[in-house]
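This is a predicted model, so every value here is computed, not measured.
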Amino acid sequence: MPIKSEPVEVNIGPQHPSTHGVFRMVAMIDGERITDVKMIVGYLHRSMEKLAEERTYTQNIPFTDRMDYLAAMTSNLGYCLSVEKLAGIDVPERAQVLRVIFAELQRIASHCMATGAFINDCGAWQTPVMYTFRDREKVLDLFEMTCGARITTNYMRIGGVAFDVPDEFLPALDMLINDDLPFRFEEYDQLLVGNEIILMRARDVGVVSPEMAINASLSGPMLRSAGIAWDLRKADPYSGYDQYTFEIPVGYNGDSYDRMVIRIEEMKQSLRIIRQAVHILPGGPHKTEVPLAIRPPAGEAYSRVESPKGEVGFYVVSDGGAAPYRWHVRAPSLINLSVLKEMTVGQTIADAIVTLGSIDINVGEVDR
Amino acid sequence: MTPRPLTLITDNWYDIRDLSNLSGKIEELIRDANGPHWAVWVVSALLGAIGIVAFIGGVAIINIWIERRVVGRMQSRLGPNRLGPFGLLQPLADAIKLMQKEVLQPKAADGLVFSIAPIAFTVPGIVIMAVLPWGRNMSLARLDVGILFILAMSSLGALAVFTGGYGSNNKYALFGAMRVIAMLVTYEIPSVLALLGLVLFSGTMDLADMVLFQEKFWIPLVLVQPLPFLIYFISSSAELNRTPADLAEAESEIAGGYHVEYSGMKFGLFYAAELINAVAISAIIATVFLGGWWFYKLDELVPGWMIFIGKIYAVYFLFVWTRGTLPRFRIDQLLAFAWKWMTPMAFANIIVVAAEVLIWDETGASAGLVLPLYIAFNMLFAGVLIVAWVRFMGPRFSRFPDRLRYFDRIDVPSLPAMRAPAPAAAAPKSGSGAPARSASEGGGDLRGGRLVGGPRP
Amino acid sequence: MPHAATVMLAGATVAERIRAAVPDAVREVAPQWVVLEPSAAFEAMAAVRDDELLDGKYLVELCSVDQITRIDVVYHIASLAQNHLFELKVPADHEHPEVPSVTPLWVGATLQEREVYDLMGVRFPGHPELTRLFLWDSFPGHPLRKDFLALPGGQKAGLSQFPKQIVGETGGEFRPRRPGTGE
Amino acid sequence: MLPEVLLATVPLEHVLILGAILFAIGLYLALSKRNAIGVLMGIELMLNAVNVTLLAFSRYVVSPRPLDGQVFAIFVITVAAGEAAVALALAVAIYRHRETVNIDEIDVLRW
Amino acid sequence: MITDTGIVIAFYVIGASTVVSALMVAAVRNLIHAVLFLVITFTGVAGIYIVLSADFVAMAQVLIYAGAISVLLVFAVMLTPTGDRRNAETSFQAPALVLAGLLLAVVVFVIYDTDWRIASRGQFTTTASSLGRAFFSPYVVPFEVASVLLVAAMVGAIILTQDEDEEAGHAA
């Protein structure tokens with residue numbers, strides 16, 4: 001008869017230093033091992049889908065910034081693409097290239113945040129977060145230069161982008177992507193990828209098998225770390241992504257370490273894309289003229305975009321009116337959490353925190 | 001005492017290079033005034049104690065500032081620089097803030113034990129300072145069993161941590177206390193064995209004699225014994241609960257560890273104790289490995305204890321450096337690392353050192369020939385052992401190729417459709433494990449036109 | 001070989017594959033989607049998932065649309081291997097919507113079905129833990145429904161104008177009061 | 001270490017009495033405590049008392065090798081450490097099988 | 001030369017505090033407090049060793065008793081049920097008291113009855129090296145036997161506290 005240790009219920013969150021926002025995980029632990037995990041979300045639920053039904057299509061764009069507030073540009077892009085698909089609006093060439101540039105810059109900023117927070121969960125005293133945030137600041141300065149806001153950018157419009165880039169944008173972007181960021185990413189490679197303690201803490205922690213990844217409809221780094229080469233920019237090229245040559249990094253056994261290394265590699269690939277995009281940036285209008293209260297024909301459209309967290313999809317149903325009849329968002333953070341239980345049960349609390357950090361959820365997107 | 005040729009200031013009392021002259025002068029005064037015999041003892045003991053307490057007080061304040069500035073610089077930010085020049089008054093502000101905070105005590109806490117814990121945690125750090133040699137003959141207590149005294153005192157720390165964890169009657173605190181004790185007891189063994197290697201080599205347990213040994217053979221022991229330095233540094237960073245082994249207050253896991261229930265000056269004492277213990281351990285490393293106050297005749301010009309403090313802060317920087325960069329071990333990895341690597345390495349090291357001492361004594365060879373040979377051999381030996389451990393005993397990640405695969409187009413392997421874990425197919429309408437959140441629990445509803453009640457389980 | 005860009009399968013091809021497996025599952029075929037009979041929905045979904053041509057192993061997205069007379073539960077299913085996507089709809093009664101849960105087929109559906117139950121009120125028998133995802137249990141009604149807090153004249157209610165509600169009279173399930181209809 | 005002529009001031013008898021008192025307390029503890037760990041504490045105390053008397057003899061009494069007392073004291077300490085480990089392991093094992101550590105209830109020899 | 005009053009004072013103070021804390025071990029109700037008082041007793045006894053100028057043994061005592069055995073006791077108390085943590089006595093308390101008193105009386109009588117041959121020893125400082133040499137000259141065999149005993153104790157303790165599944169693990 002082993003020494004009886006009664007299971008203890010431990011609350012991780014909502015005010016917990018390492019959960020990303022107000023996300024609460026109730027874990028039943030026996031000694032060090034977790035026996036059961038229950039997820040409680042909804043602390044940040046603003047019922048955006050109900051609000052969107054009472055605002056015009058253009059007024060809904062700011063909602064997309066505040067969902068995944070770490071990747072506002074890609075959410076804007078997803079929503080504008082679905083409305084353009086519904087209303088059959090074509091986007092000028094310059095706008096498409098600008099959209100790609102800003103989407104990739106946003107990916108770099110979001111992955112910087114994700115990598116820094118993940119290492120912080122492994123226990124490093126905020127040192128990596130400071131470095132990754134320093135690089136993220138430079139990207140946000142570029143956003144502020146063009147659209148005035150750093151995080152809730154609200155930069156994309158139906159039919160193109162809100163403003164054309166100012167003159168000093170391109171030289172600043174050129175200096176950033178050629179002289180500054182490549183050396184930073186080399187630093188991350190040396191510091192983080194080979195670090196033995198991170199290897200010990202992240203290897204074989206939160207493992208997802210390829211079958212489970214597909215069955216649980218995971219997307220983004222979660223899917224690619226399980227060994228499935230699936231990236232929407234290659235599978236369903238939108239906004240001119242097929243003209244650029246870049247590669248998708250794919251992991252081997254779906255553990256937290258693979259996800260971290262994939263995010264760092266993706267940042268390098270984004271740099272490649274931005275260089276090619278800047279090279280072929282054409283002149284011309286940055287937006288087609290679209291009436292402010294656009295009334296797309298009755299019908300529905302579903303379009304999706306590869307955001308740093310995964311596949312962000314917008315399912316817009318219109319009844320011909322000025323406001324969408326139904327406005328649904330496929331939130332990758334919420335769906336990526338469906339495997340949290342399979343990944344953490346049986347491991348220790350420390351591993352559960354590391355696994356949660358590697359999934360890289362954004363509670364604004366989970367709760368909408 | 002050997003005459004010192006290069007003495008700028010003759011050997012009278014205001015020679016600050018060695019404060020023992022000062023105490024010697026005071027003893028003379030007492031004897032002239034033929035005071036009682038024991039008065040001499042009391043006075044010299046008081047002088048030493050005042051010196052140490054002043055050092056401890058200064059260190060506890062200065063180190064807060066140093067640690068925050070250095071870690072700040074490592075994180076490419078400035079660290080505190082608002083209060084006073086270069087933020088020097090910041091630690092004072094912290095201390096005052098802590099002092100005026102109310103000291104809370106949980107209701108069901110064990111009063112006596114709860115308040116004794118921080119004191120018991122501070123005592124070892126301070127007491128260790130008494131045995132250290134600050135100058136040529138400037139040490140408060142030249143114990144013949146110096147190193148054993150240090151080990152005994154540092155082993156008391158484990159109990160103090162337990163009393164803190166148990167006394168605060170809090171699930172997290174007890175959880176943290178148990179973890180810390182397991183870690184402290186485990187890491188005591190490698191540190192004892194590492195110091196044993198040094199005692200063997202220098203033939204004495206008295207710290208002052210050890211420094212004289214290093215002065216006689218003109219070599220700091222860290223060169224001769226690299227492996228014990230490594231082992232002692234890692235195991236003492238575990239004993240001090242500093243990253244990479246700060247399991248006790250692993251915020252991301254159990255919040256706060258054993259001092260979660262403390263507030264006000266009690267928490268301040270715990271925090272200061274951590275710093276004092278860190279300085280005590282780095283002082284030991286400085287004495288035993290880097291040759292305390294001795295530095296190639298420099299102690300003729302500069303007072304010995306200044307060199308010693310310089311070395312203390314050199315070692316202290318190492319601790320802060322690891323704290324600033326390394327992530328944290330998991331508890332089982334930490335303990336496995338101690339048992340599977342540190343202890344066997346320490347045993348191997350003792351055997352090698354014993355052999356070396358035996359050869360040295362039997363052949364009676366001169367130090368000039370033997371020591372460089374030993375340095376080379378020990379360095380090689382340490383390198384071989386580390387590589388061997390990483391290759392065979394270390395965590396094996398060979399089966400995961402590190403580099404990722406790169407695809408320029410999508411490629412999804414055709415996988416069998418996975419049978420999801422079949423939940424009870426005909427689950428009753430409300431789901432099998434209806435959690436406690438049934439509707440009858442009541443709570444927020446639309447009373448008075450105001451949405452009442454936030455999200456609750 | 002996967003298509004260069006994701007192809008949206010036409011309703012007809014999907015309907016024809018489903019009829020081959022489950023004869024009476026298809027209720028209506030539209031150019032972009034197929035409407036399934038609620039009764040045979042689960043078998044149709046299983047057939048779609050295991051069919052080699054359709055190969056619907058990846059449930060992209062699951063949501064619900066309130067069409068006043070009925071509530072449609074919309075499934076977007078895709079095959080990553082062949083890079084194509086198709087849409088299925090399962091209609092359910094407006095007052096007591098009930099659609100069989102697809103969690104036995106796709107684990108990804110668990111949280112999405114709980115969200116649909118929470119915001120639209122569609123029950124999913126067979127779901128392991130069908131409870132509210134975002135709102136607290138005693139929240140009256142399901143906010144995404146069109147009739148939620150509808151004010152006179154059918155104008156959609158802004159969230160700030162809440163009519164008074166007498167506690168206890170209507171029990172747990174809060175029925176929005178429709179002036180003029182007397183109930 | 002400290003120069004002292006202890007002889008004239010602290011007679012050997014006082015030290016031995018101290019040892020005897022500690023031994024008596026240890027014996028009382030060992031015999032009267034209900035909890036097995038209480039009994040172990042009593043035994044540890046008795047061993048300490050023995051050590052005190054040993055060192056007193058080694059310090060005061062005439063003998064060819066005065067240090068033998070200290071050697072013997074160290075042997076007593078090592079044996080006591082081993083004994084404490086095994087005894088506590090026994091206590092935990094007993095608890096695991098019989099759900100209790102009270103001496104009164106563990107009086108049946110058959111498991 | 002008058003003797004060191006400091007040492008004498010030290011002896012009586014430490015002796016008194018040790019006896020008081022030993023009594024507290026018996027008297028205090030909570031078992032954890034009893035363990036903590038026992039630790040105070042151990043350190044007090046180490047103080048007495050220093051007064052008897054046995055430095056090495058004093059340090060060994062603090063290291064082994066106050067450092068290790070006390071942690072062992074605390075772990076044992078933590079592992080056993082909280083119900084038994086009251087420091088209660090068995091019914092055998094009164095006879096135990098009488099027995100201890102009688103034994104004390106006998107020993108005190110013996111102490112004062114025999115005439116100890118007090119050695120008029122002046123400076124008596126034991127250095128660790130002299131103790132070490134004493135260890136190896138006549139007592140080499142007991143030294144080795146002690147190490148064997150410690151290993152046996154360690155193995156015994158581990159096997160005794162093994163869970164069933166761990167044993168099964170090894171057996172399989």
Portion of A:Leu218 that has a non-hydrogen atom of chain C nearer than 4.5 angstrom: backbone
Check: C:Pro143 main-chain N/O paired with A:Lys50 side-chain donor or acceptor under 3.5 Å: yes
A:Glu311 side chain near C:Glu61 side chain, heavy-atom distance below 4.5 Å: no
With sequence neighbours excluded, residues passing salt bridge (charged side-chain N to carboxylate O under 4.0 Å, His left out) with C:Glu87: none
Heavy-atom side-chain proximity of A:Arg304 to C:His76 below 4.5 angstrom: no
Rounded distance (nearest 0.5 Å) linking atom CD1 of A:Ile40 with atom CZ of C:Arg132: 15.5 Å
Separation of A:Arg326 CZ from C:Asp72 CG (nearest 0.5 Å): 11.5 Å
Contact summary for A:Leu334 and C:Leu111, nearest pair of heavy atoms: O-CD1, 3.3 Å
Distance (rounded to the nearest 0.5 Å) between A:Ser47 OG and C:Leu144 CG: 7.5 Å
Expected output: side-chain A:Asn215 to main-chain C:Leu105 donor-acceptor under 3.5 Å: yes
Between C:Val65, C:Val7, C:Leu80, the one whose heavy-atom pairs under 4.5 Å with chain A are most numerous: C:Leu80
Ionic contact status for C:Glu129 with A:Lys341, cut-off 4.0 Å: no
Side-chain heavy-atom pair A:Glu211, C:Lys57 within 4.5 angstrom cut-off: no
Check against side chain to side chain contact (heavy atoms under 4.5 Å, CB included), C:Leu133 and A:His45: CA-CA 10 Å; C:Leu133 188 62; A:His45 178 59; over 6 Å; no
A:Tyr315 side, atom OH; C:Leu62 side, atom CG - distance, nearest 0.5 Å: 11.0 Å
Contacting moiety of A:Leu223, where chain C heavy atoms sit under 4.5 Å: side chain
Side chains of C:Phe134 and A:Arg46 in contact at under 4.5 Å (non-hydrogen atoms): no
Residues A:His328, C:Ser64; criterion side chain to side chain contact (heavy atoms under 4.5 Å, CB included); working and verdict: CA-CA 9 Å; A:His328 174 71; C:Ser64 61; over 6 Å; no
Under 3.5 Å: donor-acceptor pair, side chain of A:Arg330, backbone of C:Val60: yes
Neighbourhood of chain C inside residues 233-243 of chain A, taking heavy atoms under 4.5 Å as contact: A:Lys234, A:Ala235, A:Asp236, A:Pro237
Mind listing the side-chain donor-acceptor pairs of residues 30-43 of chain C below 3.5 Å, one per line with the distance, residues two or more places apart or on another chain?
residue: C:Glu37; atom: OE1; partner: C:Arg27; partner atom: NH2; Å: 3.3
residue: C:Glu37; atom: OE2; partner: C:Arg27; partner atom: NE; Å: 3.2

A:Tyr302 and C:Val74: CA distance, side-chain angles, deciding distance, side chain to side chain contact (heavy atoms under 4.5 Å, CB included) verdict: CA-CA 11 Å; A:Tyr302 176 76; C:Val74 179; over 6 Å; no
Listed partners of A:Arg99 passing salt bridge (charged side-chain N to carboxylate O under 4.0 Å, His left out), at least two apart: A:Glu84
Approximate separation, where rounding is to 0.5 Å, of C:Leu59 CG and A:Ile214 CD1: 12.5 Å
From OH (C:Tyr58) to OG (A:Ser219), nearest 0.5 Å: 4.5 Å
